Amino acid sequence: MPSSRLIALLDLDCFYAQCESVRLDIPSHLPVAVFQWSGAIAVNYPARAAGIKRFMKLEDMKKVASDIVAIHVEVETLSSAFIEEAGDEDVRKSKYKKQYSLTCEEKALAFSRENGHFPSRTSAQANIERYRYVSGLIFSRLRIFLDEVVGQGGYKLEKASIDELYVDLTEYVNKSRESTPPPLTGKVVIIGGDKNWTDDAQCLMAANLVSRLREDIKTTLGYTLSAGLAINKTMAKLAAGRGKPDGLAVLPRSSEAMKVALETTSVLEVRGYGGKGGKIVCENVLKFRGYNGPWEGDEYEEECKKLSMKMCGDCPADVLGSKHDWRLMNNGEEGEEVQHTKPGAPTKSITTFKSFVGDKESCHRKDDVKSKLGAWIEMMVKSLVRRVLDDSKRNNRWCKTLCVYFCNDVKAVKSKSTKFPGKSAQGKEESVTKFFIKTLEESTVWPIIRVGVSADNFFPLGAGLGIFLSKENEAGVTKPTDFKTTKVAKVVEKSTLFATVPPKSLAGICWNCKACTYENEADAKVCEICKTSRSVEDDEEYAKRLQKQFNDEEAEGVAIGVGVGVGEKRKAKKAKTVKDFFGS
DNA sequence: CATTTTGACGCT
DNA sequence: AGCGTCAA
């Protein structure tokens with residue numbers, strides 16, 4: 001299977017809990033929970049072993065683990081906000097560096113001061129900057145390791161979230177001449193069992209690299225991570241779940257192993273299918289399979305959970321697509337297409353939020369906005385502008401859009417956006433604050449219990465984006481990155497692995513079959529999947545897509561003020577259904 | 001059951 | 001531009 005990709009997903013184990021364990025030097029056998037107000041947002045594995053879960057309260061934890069370590073996330077308080085100068089990232093960097101390099105005595109002191117002591121949510125906002133810092137450190141270290149071992153350009157690294165990233169190792173394994181890679185170290189799980197571990201030397205090489213990489217992060221920075229290795233991002237993510245904690249799970253590139261994965265994975269476990277959309281897929285599949293209920297209690301949910309990826313793949317596309325255009329398919333040709341790893345991928349938005357609980361705290365009418373929320377708004381605006389300035393320094397970009405969010409109920413979020421003040425504009429905080437207050441005062445929903453503000457739509461100010469930390473960071477990264485914006489983001493994405501909606505990014509390069517929703521090659525006369533003939537309407541829509549894409553690219557080129565070529569256009573590849581893995 | 005504070009992205 | 005969905 002020489003043309004298949006090899007993608008690894010790396011996932012830091014219970015990340016915030018690890019950060020605190022490292023920062024405060026907490027013995028590894030102790031159960032640790034990181035709290036945000038009264039509920040835990042991260043728990044380590046000893047705690048999980050005792051039955052402790054996310055959102056559990058401290059009293060309940062103590063019942064099952066009396067030695068529980070309870071650390072609260074960092075907060076910004078209303079009273080002591082922001083002594084640091086806006087835009088001085090170095091000040092904050094040294095602040096966080098200091099947090100993680102305490103002496104033994106300082107650690108012990110901080111531990112006793114913090115363990116079990118929670119701040120008041122009525123005068124503070126939770127802030128995860130402490131963990132963003134570690135995330136940056138780890139990602140930077142990963143790049144150093146990969147540059148050393150694989151070589152610059154020989155891999156692609158995409159940040160997926162604060163504690164997750166993808167590494168595309170296809171190029172590395174294709175180029176390498178290494179004949180007998182050293183054996184794997186650490187915990188390794190082979191999905192489908194050892195018997196499915198073929199003599200795939202390239203996959204073994206990639207697995208070996210991931211093992212070493214995990215080891216490197218553990219020895220240099222003291223953090224453990226789990227990893228999944230597979231032919232694409234979705235399967236890598238799935239595999240990583242099997243490797244937890246502190247292990248590597250490989251989905252070998254054999255159809256036998258793929259069969260096992262498809263049969264043993266509930267479709268609800270697949271990224272993107274945990275919510276309403278996944279439920280709709282399940283509903284349709286259940287109907288197709290002749291299960292109509294009536295269902296008692298949790299029966300329905302249980303049936304949904306039992307639906308494997310294979311079962312979904314066995315359904316015709318139109319059964320799944322009745323409402324949401326869902327299609328179940330494996331990657332394109334050779335089972336390898338799709339979801340290209342986006343190199344770098346710096347964050348696309350910066351947001352800050354604060355929720356208020358109880359009637360006393362919430363904002364009931366226009367008059368309450370300034371009196372009750374004024375101080376919060378000021379704090380959040382300062383925090384946002386400061387982070388945007390830091391980001392600007394690091395990534396040499398600025399944002400176009402300012403968006404204010406508020407809601408009276410978790411399900412009814414309202415938002416209003418406007419132009420973000422320019423980088424050199426005077427009084428950025430003041431103008432943002434003004435818009436924030438005005439937007440809330442004009443609210444049609446009361447009481448307001450949650451407010452937030454975000455900066456989005458970043459555009460480059462010049463060449464050379466740094467991605468994780470700026471150049472002289474603690475991990476010693478000095479190389480500028482060669483990441484280029486826009487083009488990469490525009491061209492790369494087509495998500496087609498198991499069950500996806502045809503992505504918008506394909507507009508202009510395919511025609512979309514009405515019968516089965518498949519995105520066909522631009523010049524195909526009949527649908528490659530269901531053989532339906534291309535109609536006049538299809539032609540018209542295709543022409544419209546072409547025009548739209550053309551317009552979009554023109555607009556993009558002007559907006560960022562640099563010469564943007566059309567670039568490489570991704571070709572739609574022939575889809576291979578899950579069924580193909582099972583013959584017939 | 002939902003909790004909070006993030007973040008990405010799709011639809012109209 | 002505004003709202004909805006999904007995830008951790």
Side-chain angles (χ1 to χ4, degrees), chain A residues 9 11-17 34-43 53-58 60 72-76 118 121 124-132 135 158-164 233-234 237 240-241 244 268-281 298 301 323-326 339 342 345-358 380 383-384 387 391 400-407 409-419 439 444-445 449-458 489 493-495 500-507:
Chain A
L9 175 82
D11 187 347
L12 276 303
D13 298 325
C14 46
F15 183 48
Y16 296 179
V34 175
F35 282 80
Q36 194 167 262
W37 316 127
S38 58
I41 54 170
V43 292
K53 294 211 168 72
R54 225 177 150 217
F55 296 120
M56 208 182 250
K57 305 239 189 290
L58 183 53
D60 297 330
H72 197 277
V73 301
E74 199 178 16
V75 296
E76 301 271 20
F118 295 176
R121 63 179 294 163
Q125 186 210 14
N127 179 315
I128 60 166
E129 200 61 30
R130 183 188 278 168
Y131 313 123
R132 290 198 189 100
S135 176
E158 174 188 341
K159 174 176 173 170
S161 76
I162 191 168
D163 69 339
E164 273 175 54
K233 294 210 287 193
T234 302
K237 167 78 180 155
K244 284 177 183 179
L268 296 177
E269 291 176 62
V270 180
R271 191 176 172 93
Y273 292 82
K276 288 184 189 175
K279 292 278 161 54
I280 291 168
V281 168
D298 295 337
E301 304 260 312
K323 184 166 180 191
H324 275 233
D325 253 359
W326 300 100
Q339 294 208 342
K342 290 174 266 191
T347 173
K348 290 191 166 70
S349 66
I350 295 178
T351 72
T352 175
F353 269 89
K354 171 69 187 167
S355 298
F356 306 96
V357 289
M380 293 170 79
S383 175
L384 182 78
R387 280 172 62 197
D391 177 87
K400 290 198 195 103
T401 313
L402 164 73
C403 193
V404 167
Y405 302 82
F406 58 95
C407 67
D409 155 77
V410 284
K411 295 238 161 31
V413 180
K414 299 282 176 193
S415 66
K416 201 98 189 152
S417 49
T418 188
K419 196 177 167 304
T439 302
T444 53
V445 295
I449 61 161
R450 204 158 93 91
V451 299
V453 61
S454 79
D456 317 79
N457 284 322
F458 286 89
E493 192 69 340
K494 190 219 166 184
S495 51
T500 62
V501 181
K504 278 175 92 175
S505 54
L506 274 179

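Throughout, protein chains are lettered first and strands after them, A, B, ... in sequence-line order, and every chain is numbered starting at 1. Treat the numbers as computed from the prediction; the structure is a model and nothing was measured.
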(request) For the residue pair A/Thr439 and A/Thr418, establish whether any side-chain heavy-atom pair is separated by less than 4.5 Å. (result) no

(request) Measure from CG on A/Asp456 to P on C/dG2 and round the result to the nearest Å. (result) 12 Å

(request) Look at the rings of A/Tyr16 and A/Tyr131 and say which category their plane angle falls in: under 30° parallel, 30 to 60° tilted, over 60° perpendicular. (result) parallel

(message) Does B/dG7 have its OP1 or OP2 closer than 4.0 Å to a side-chain nitrogen or oxygen of A/Thr347?
(response) no

(request) Report the nucleotide, chosen from C/dC3, B/dT5, C/dA8, that has the shortest atom-to-atom distance to any side-chain atom of A/Lys414. (result) C/dC3

(request) Look at A/Lys416 and C/dA1 and indicate whether a side-chain polar atom (N or O) is within less than 4.0 Å of OP1 or OP2. (result) no

(request) Respond yes when some side-chain nitrogen or oxygen of A/Lys354 is under 4.0 Å from OP1 or OP2 of B/dT4, and no when none is. (result) no

(message) Give me the atom names and distance for the closest heavy-atom approach of A/Arg130 to A/His72.
(response) NH1-O, 4.0 Å

(request) Indicate whether OP1 or OP2 belonging to C/dA8 is found under 4.0 Å from a side-chain N or O atom of A/Lys237. (result) yes

(message) Less than 4.0 angstrom between a side-chain N/O of A/Thr352 and OP1 or OP2 of B/dT5, yes or no?
(response) no

(request) Could you check how far CD of A/Gln36 sits from C1' of B/dT4, rounded to whole Å? (result) 4 Å

(message) Just N and O in the side chain of A/Ser417: are any of them under 4.0 Å from OP1 or OP2 of C/dG2?
(response) yes

(request) Could you check how far NE2 of A/His72 sits from P of B/dT4, rounded to whole Å? (result) 12 Å

(request) Please determine, by modelled atom types, if A/Gln125 and A/Ser383 share a side-chain donor-acceptor pair under 3.5 angstrom. (result) no

(request) Measure from the side-chain heavy atoms of A/Gln125 and tell me the nearest of B/dT6, C/dA8, B/dC9. (result) B/dT6

(request) Tell me whether the OP1 or OP2 atom of B/dT4 has a side-chain N or O from A/Arg121 closer than 4.0 Å. (result) yes

(message) Need to verify one output field. Residue with the more 5' nearest nucleotide on DNA chain B, A/Ala160 or A/Ala126?
(response) A/Ala126

(request) Using a cut-off of strictly less than 4.0 Å, decide whether A/Arg132 has a side-chain nitrogen or oxygen near OP1 or OP2 of B/dG7. (result) yes

(message) Any base atoms under 4.0 Å from A/Ser161, or only sugar-phosphate, or nothing? Heavy atoms, all strands.
(response) nothing

(request) Remember a base hit wins even if backbone is also touched, and classify A/Gly39 as base, sugar-phosphate or nothing at under 4.0 Å, heavy atoms. (result) nothing

(message) In this structure, how many angstroms lie between the P atom of C/dA8 and the CG atom of A/Asp13, rounded?
(response) 14 Å

(request) Using whole Å, report how far CD1 of A/Ile41 lies from P of B/dT6. (result) 10 Å

(message) Any side-chain N or O of A/Ser355 below 4.0 angstrom from OP1/OP2 of B/dT5?
(response) yes

(message) If you only use heavy atoms from C-beta on, which nucleotide in B/dT3, B/dT6, C/dA8 is closest to the side chain of A/Phe55?
(response) B/dT3

(message) Taking the minimum atom-to-atom distance to the side chain of A/Val357, which one of B/dT4, C/dA8, B/dT6 wins?
(response) B/dT4

(message) So, does A/Ser415 get its side chain near the phosphate of C/dC3, meaning an N or O under 4.0 Å from OP1 or OP2?
(response) yes

(message) If you compare all heavy atoms of A/Ser355 against all heavy atoms of A/Arg121, which two are closest, and at what distance to 0.1 Å?
(response) O-NH2, 4.0 Å

(request) Using atom CD of A/Glu269 as one end and atom P of C/dA8 as the other, report the distance to the nearest whole Å. (result) 12 Å

(request) Using whole Å, report how far CZ of A/Phe458 lies from C1' of B/dA8. (result) 13 Å

(request) Check the distance between C/dC6's P and A/Lys276's NZ and give it to me in whole angstrom. (result) 7 Å

(message) Within the 4.5 Å heavy-atom criterion, are A/Asp11 and A/Asp163 side-chain neighbours or not?
(response) yes

